[in-house]
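Residues take their numbers from the sequence shown, with the count starting at 1.
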Amino acid sequence: MVEHRRQVGQLEHFTQSIADGVIDDHELATQEQNLVAAMKAVEGSLDDALHAKVSRLLAEVAAYSVMRTLHEMAQARVHGAMDAKKADA
């Protein structure tokens, strides 16, 4: 996972997009285009078995990303609620 994080950090568009902490519609669309281009660049060189494995890998990464984001949002809500209770006390 460390190598994956290092490679993500090298994606210039990604690092520029998150620099201000806000992802706008244009930045998201650009990242989607980057993803589609990367997938097309690889897809033609994959045999059926490897294509299935890569497709599964991408699905697992997407699921993990959504789950992690939802988990972090839930944790932030819990911490926000706890902080609000402390402030009221």
List the atom pairs, donor and acceptor, that lie under 3.5 Å between side-chain atoms in residues 25-41 and the rest of the protein, sequence neighbours left out.
from : atom 1 : to  : atom 2 : distance (Å)
E27  : OE1    : D24 : N      : 2.9
T30  : OG1    : H26 : O      : 2.9

Show which side-chain atoms of residues 52-62 pair as donor or acceptor with protein atoms under 3.5 Å away, not counting sequence neighbours.
from : atom 1 : to  : atom 2 : distance (Å)
S55  : OG     : H51 : O      : 2.9
R56  : NE     : E60 : OE2    : 2.7
R56  : NH2    : E60 : OE2    : 2.7

Separation of H71 NE2 from M67 CE (nearest 0.5 Å): 10.0 Å
Whether over 12 other heavy atoms sit under 6.0 Å from Q10 CD: yes
By salt bridge (Lys or Arg N to Asp or Glu O under 4.0 Å) - contacts of E72 (at least two apart): R68
